[in-house]
Asks: 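Quick one: this structure, given as structure tokens, is what I'll be asking you about.
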Amino acid sequence: MNSPEVFMDKPDASGRFGDFGGRFVPEALMTACLELETAFREAWADDAFVSEFHEVLHTFGGRPTPVTELSRLSRHLGLRIFAKREDLAHTGSHKINNVVGQTLLTKRMGKSRVIAETGAGQHGVATATAAARLGLSCTVYMGELDTQRQALNVFRMELLGATVVPVTSGSRTLKDAVNEAMREWVSCVEDTHYCLGSVMGPHPFPWMVREFQSIIGREASRQLSEMGVGTPDVVVACVGGGSNAAGIFAGFANTDARLVGVEAAGGAAIATGSPGVLHGMRSMLIQDEFGQIEEAHSISAGLDYPGIGPEHAFLADAHRAHYVAIGDDDVIPALQLLSELEGIVPALETAHAVAWLIREAGNSLAPGTSVLLNLSGRGDKDVAQVREILRGQS
Amino acid sequence: MNSPEVFMDKPDASGRFGDFGGRFVPEALMTACLELETAFREAWADDAFVSEFHEVLHTFGGRPTPVTELSRLSRHLGLRIFAKREDLAHTGSHKINNVVGQTLLTKRMGKSRVIAETGAGQHGVATATAAARLGLSCTVYMGELDTQRQALNVFRMELLGATVVPVTSGSRTLKDAVNEAMREWVSCVEDTHYCLGSVMGPHPFPWMVREFQSIIGREASRQLSEMGVGTPDVVVACVGGGSNAAGIFAGFANTDARLVGVEAAGGAAIATGSPGVLHGMRSMLIQDEFGQIEEAHSISAGLDYPGIGPEHAFLADAHRAHYVAIGDDDVIPALQLLSELEGIVPALETAHAVAWLIREAGNSLAPGTSVLLNLSGRGDKDVAQVREILRGQS
Amino acid sequence: MTSLEVTLRKLREGGRRAFVPYFMAGMTGDWLRHVEAAANAGADAIEIGLPFSDPMIDGVIIQQAAERALERGTTLASVVRDLATLDVGVPLLAMTYYNVLLHGGLERSAAMLAQVNVRGAIVPDLPPEESDEWASACASRDVATIYLVAPSTPKERVTVIAQRTQGYCYAQGRMAVTGTTSEEGNGAAVAAAVRAVSDVPVYVGIGVSTPEQAANAAPYCDGVIVGSALVRRLLDGATPEDVENFVKSFRTVLDAKNN
Amino acid sequence: MTSLEVTLRKLREGGRRAFVPYFMAGMTGDWLRHVEAAANAGADAIEIGLPFSDPMIDGVIIQQAAERALERGTTLASVVRDLATLDVGVPLLAMTYYNVLLHGGLERSAAMLAQVNVRGAIVPDLPPEESDEWASACASRDVATIYLVAPSTPKERVTVIAQRTQGYCYAQGRMAVTGTTSEEGNGAAVAAAVRAVSDVPVYVGIGVSTPEQAANAAPYCDGVIVGSALVRRLLDGATPEDVENFVKSFRTVLDAKNN
Ligand SMILES: Cc1ncc(COP(=O)(O)O)c(C=O)c1O
Ligand SMILES: Cc1ncc(COP(=O)(O)O)c(C=O)c1O
């Protein structure tokens, strides 16, 4: 290649990032996807929309979130670690960035209702939150198993005025909630927007969600400059669908920073998957030799997804980002270490990224390496589960 | 009075705000209180300390928290309501402001350990958090009943490296946790700071905690100016010990704004109490005719305290602030209304202030009245309880 | 023109409304008997579902059928092995999701299907924009690629799809997934939109579950496709005779009507 | 000089180490019998605890005693009524928290106590800085106001307190609440600090629970105060005879020693 490649720009006209992406949806949803693409393109080019998006995230969502230097963890690991504090965003994770964008777009498209899928409930709570604020009605699809495991989050969504529908098909978890939301969307696409929760699904979702999340990376880049740190050696984030990772990578894709996405070992689409088509996108998927999708298994519900956003599949292919996997056993010690040393209890999802730092410090990460960790969410939602697990161990 | 009175300035040399305050502690604690007063006076006059305090709150604590205009609630109630979003501060409430200040002061005093009391666990979690960050060891006293009711918060503190000690004396709730922390302080005052959780206790605590919390009011005042709102007609906050109220009042004490503190009806020290001495201070207390302190009873653990900070007793006396009471029954509907209309699930404590707005809109609050609501904390900690209560009703 | 379309156009020219039932391949050990029964009872073509774990446009009935088929170890290869033993005299149409074909390999999948008399393929999650490769794999093997038009499809798109589809154009009768049974539908409008721009046969599916609905649809289309209503009976244990009776009940109304 | 101090100074001049037991008023129906027993057995003064709901400087034993007394309806007035029937010939000292006195009214409380032979008062949550009003209410009624000095009290403060205290100076033997029973204590240092600046009698309390500890303390102080160790026995059902024996066990060591 002669001219240096530009990463994390727009996908091509077919919604492709390299070989990945696209729009593999039933005809009944094509019109909605096309309309959404047009609406998003227009809105994102409209200063008024962009300003409103930033304004809402500022006055309602708690942005900018700070960058915290994790001095004690740094000393402990011999690194210099900075955390982008998405745990401080409203509803407790980066998910709010995306839903604020999509609900504003919903209004702009003249629709009065949103539907969403959710696994553990984070995206569902965020969607219900943003919908409440705009007076949109909201229905959230959630695997029946997850509604039982996360009964409190179901109630939280209901408090926010949303209807939660348990999904009884398939493995009754996140993957099936996505299927069901897509199915339901078919029958209400006229007045309803499907507020997808990560950088996945058919075009324009992977691109749009990444754009909404890229505020994380842009803020962090500016904040690190202001702190005199400049470009970190490594930018690391956990990856479920990949939205928080995409959001922070976006701020550093065209720098020298090494980008690392940490998947759950039981849902490591890049490490253990193969290319395929699911949920409207061509990406890396965990599937059998016949193309049947397998269930992901992770201690953290938010990483319990057998796929990954297509742009990540591309970034891996292009060797621009590296994807690694962390097993369940390393997650809780990482959560404990960050809690004890820094007074921040991270989400189990986020703890995967911390676990990778612990594993690699002194190995692939030389002493003194500067690291920007995307602290994608807070652990309050996980505390009961962690307690059960630790009790079971002792 | 000839010259206009200045409110929320320093207390007098005895730690009095008018008739209230003072330092009613055993001789064994006098030295610690005097040293603390000196240390705080010096630190608070030291630009380096004040800068560090602000810096930590900025980079770690999530400050400034935004002011959110609650447009839909405003329309619903015929008011213009702005919320100061302490729910977005790290650990989910304003409590972090105070503990960041006190733990920094602990270090400055050369002490290596903090103890704290906690009711529902908010202040305990905040203290454990700030202690973890600075590498201070931390013990939290919590009524045995509360450790059972809030078992998850106990675990959260433990995750943060703190030791939680169940208090079995008296009513085994917050009041007894304060007693116990004071008792324990006697035996470890040399190397240990007692990180009290509200604007109560002996001098200099009520003043010091108010100063640390006054960042709320100062920020809000600046933010409302920037938004072109200027001084609101009313500033309202819930009152347990009174720290979030004191913090926000501090920004408006010397304006025309009407200041309103909302107590829980079952712990309404101003409405139903009488002057007395408890926990080192002279203030308004709920007590019988013989001076025996009664147990407070509130749906919200954070307001379950039979006293109130002495400065509030003074502000009530001086008619500068007004204190009202809200019964348990009005709290959950208020929590629901704010959740559904604004996408913010408030803490049960905060919901008392919302309930007062609902009750007074169109009554003592004329249509169009501008209100600054201190949204002291998020409701995540309360969701399980609210769910149980609503289930019991249906 | 694909042989499928030749066959179906002939039916139309003969004044016959086509009836196309759907079966989930491998759902039971005797599934081929059901297919035969349908052919015997007068089905004009038969859709053979190849199960996929995540059937995005299917309702609960087809989902359950797919789960059962997968539990029984059904794969593209096993279905092809089964079909190799079948001779029903009417065209077979494969219906599945793209990932199943991708994993078989597009060329290889098309070849395997073609080999066992599959003359058309419906891949609902593969819109025209994404289907060039698949379509060319099919084209060289006389496998028609059948596309759907939905009630939400705008005019210009209808034109594109109607031109591209082979065999018939699948007019989705309702904005819903398969197996929904509400009364009102948009089948007439969708079929009319296709007819306005093309003379390809138009078959209505998704929203036809009873002979009455088929009778109502007959005037404005060239055939009807019935999936969930039949699969539901099979899930409940229907015999080949039940299938025959089911198909005949549709056959009767479609033939009786003089449209 | 208060009559209490006159009495206690006389004891000292007579070479007698004072023994001051503590009782929680109203804890049992026969609590006065315990007080009498202590006086009979040689107590030199007796602390009468008036129960408070939130006894900040008291450990679990005194807390429990206070709870029992409150459950039995004990109030300042009820204690005064009880004490009116008592004649033990040694000074009584009230020990309570400030809020109890405040609610009785400072003047009224002092008057009520004075009326029933209470000659001194210890209010541990009322430091000198806050006690002017209470001290003056006591002063006019010959009720001595007794202050504590703690191991943490710095020199200058010791001077102030030692000058202000009446009757005796209460030297807190240990940085702890009442009823803690660890061995090491600072009683000697505290007492020495007081003696260095004043000739007021110095009694050591908080940290004296056994005759051995009393014996150890005797050389450096003028008396010892024993609370929790006695109250614990009473909570466990001790009789007046038990109290007599308890007091005598201290009396013996305090008298035996030639300090
Ligand atoms: C805190 C947190 N981090 C990460 C994720 C994973 O999602 P994504 O990969 O889209 O960021 C989730 C999903 O629920 C989450 O809650
Ligand atoms: C969210 C919240 N608000 C208010 C309070 C009451 O405390 P204060 O009156 O000191 O603000 C608490 C105490 O736990 C709290 O958690």
Side-chain angles (χ1 to χ4, degrees), chain B residues 13-16 21-35 167-172 174-192 201-203 274-283 285-295 306-307, chain D residues 50-60 62-64 66-67 69-70 73-78 96-105 109 123-131 147-154 157-158 161 165 169-172 174-180 182 190 206:
Chain B
S14 75
R16 286 287 192 296
R23 181 146 50 203
F24 297 87
V25 293
E27 177 57 28
L29 292 179
M30 275 305 284
T31 303
C33 287
L34 289 165
E35 279 174 7
V167 175
T168 54
S169 61
S171 58
R172 297 179 294 142
L174 177 57
K175 164 174 90 71
D176 308 285
V178 176
N179 288 331
E180 200 62 21
M182 292 264 188
R183 286 176 192 132
E184 287 297 325
W185 198 24
V186 172
S187 61
C188 59
V189 64
E190 195 97 341
D191 68 346
T192 300
H203 182 53
S274 55
V277 168
L278 177 70
H279 293 154
M281 64 186 173
R282 183 176 193 279
S283 191
L285 306 174
I286 304 181
Q287 50 190 338
D288 67 15
E289 55 179 309
F290 308 111
Q292 306 298 344
I293 308 304
E294 295 184 344
E295 284 174 39
Chain D
L50 308 179
F52 179 50
S53 53
D54 294 79
M56 196 202 269
I57 191 79
D58 285 308
V60 280
I62 307 283
Q63 287 171 42
Q64 276 178 31
E67 275 174 36
L70 288 172
T74 307
T75 64
L76 174 58
S78 78
T96 191
Y97 288 83
Y98 190 41
N99 206 44
V100 173
L101 303 170
L102 260 183
H103 274 252
S109 297
V123 190
D125 63 344
L126 195 66
E129 287 87 344
E130 299 285 0
S131 67
Y147 294 89
L148 284 86
V149 166
S152 59
T153 308
R157 251 187 104 73
V158 174
I161 294 170
T165 197
C169 185
Y170 191 132
Q172 179 171 341
R174 174 174 299 154
M175 284 301 278
V177 295
T178 59
T180 34
S182 90
V190 179
I206 303 188

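By convention in this document, chain letters (A, B, ...) are assigned in the order of the sequence lines, proteins followed by strands, and residues within each chain are numbered from 1.
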Asks: For D:I57, does its backbone N or O pair with a side-chain atom of D:Y97 as donor and acceptor, under 3.5 Å?
Replies: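 Between the backbone of D:I57 and the side chain of D:Y97 there is a qualifying donor-acceptor contact (under 3.5 Å).
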
Asks: What part of B:P202 gets closer than 4.5 Å to chain D, counting heavy atoms only: side chain, backbone, both or neither?
Replies: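 Nothing of B:P202, per the 4.5 Å heavy-atom cut-off to chain D.
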
Asks: Contact part of D:I206 toward chain B, heavy-atom cut-off under 4.5 Å: side chain, backbone, both or neither?
Replies: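 Contact with chain B involves no heavy atom of D:I206 at all.
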
Asks: Can you tell me if D:D125 uses its side chain to pair, donor with acceptor, with the backbone of B:F24 under 3.5 Å?
Replies: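 Such a contact is absent between D:D125 side chain and B:F24 backbone.
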
Asks: Please flag which part of D:V60 lies under 4.5 Å from any non-hydrogen atom of chain B: side chain, backbone, both or neither.
Replies: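 Neither; nothing under 4.5 Å.
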
Asks: For D:V123, is it the side chain, the backbone, both, or neither that has a heavy atom closer than 4.5 Å to a heavy atom of chain B?
Replies: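 For D:V123, there is no contact with chain B at all, as no heavy atom is under 4.5 Å.
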
Asks: Quick one: what part of B:T168 sits under 4.5 Å from any heavy atom of chain D, side chain, backbone, both or neither?
Replies: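 Contact with chain D: none, neither part.
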
Asks: Checking heavy atoms, do the side chain of D:F52, its backbone, both or neither come under 4.5 Å from chain B?
Replies: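 For D:F52, heavy atoms of backbone and side chain both lie under 4.5 Å from chain B.
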
Asks: With side chains defined as the heavy atoms from C-beta onward, is the minimum distance between D:V190 and D:Q172 less than 4.5 Å?
Replies: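 With C-beta onward as the side chain, the pair stays apart.
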
Asks: Of the backbone (N, CA, C, O) and the side chain (C-beta and beyond), which part of B:L278 lies under 4.5 Å from a heavy atom of chain D, both, or neither?
Replies: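 For B:L278, the contact with chain D is made by the side chain alone.
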
Asks: Check whether any side-chain N or O of B:Q292 sits under 3.5 Å from a backbone N or O of D:N99 as a donor-acceptor pair, and report yes or no.
Replies: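 The answer is no, because no donor-acceptor pair under 3.5 Å joins these two groups.
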
Asks: Heavy-atom distances under 4.5 Å only: say whether D:P55 touches chain B with side chain, backbone, both or neither.
Replies: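 For D:P55, backbone and side chain are both near chain B.
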
Asks: Under a 4.5 Å heavy-atom cut-off, does chain D meet the side chain of B:T31, its backbone, both or neither?
Replies: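 Answer is side chain: those atoms of B:T31 sit under 4.5 Å from chain D.
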
Asks: Before accepting this row, confirm whether a basic side-chain N of the pair B:R172/B:E180 lies closer than 4.0 Å to the acidic partner's carboxylate O.
Replies: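 So B:R172 does not pair with B:E180 through a salt bridge.
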
Asks: So which of D:V177, D:L148, D:L101, D:D54 has the biggest tally of heavy-atom pairs under 4.5 Å with chain B?
Replies: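 The residue among D:V177, D:L148, D:L101, D:D54 with the greatest pair count is D:D54.
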
Asks: Can you check whether B:S14's main-chain N or O pairs, donor with acceptor, with B:R23's side chain at less than 3.5 Å?
Replies: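 Not a single qualifying donor-acceptor pair exists.
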
Asks: Side chain, backbone, both or neither: which part of B:E289 has a heavy atom under 4.5 Å from chain D?
Replies: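 Only the backbone of B:E289 comes within 4.5 Å of chain D.
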
Asks: Would you say B:E295's side chain and B:G170's backbone share a donor-acceptor pair under 3.5 angstrom?
Replies: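 Such a contact is absent between B:E295 side chain and B:G170 backbone.
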
Asks: Report which part of D:L76 has an atom under 4.5 Å of a heavy atom belonging to chain B: side chain, backbone, both, or neither.
Replies: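 For D:L76, no heavy atom lies under 4.5 Å from chain B.
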
Asks: Pick one of side chain, backbone, both or neither for B:V189, based on which atoms fall under 4.5 Å of a heavy atom in chain D.
Replies: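 Contact with chain D: side chain only.
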
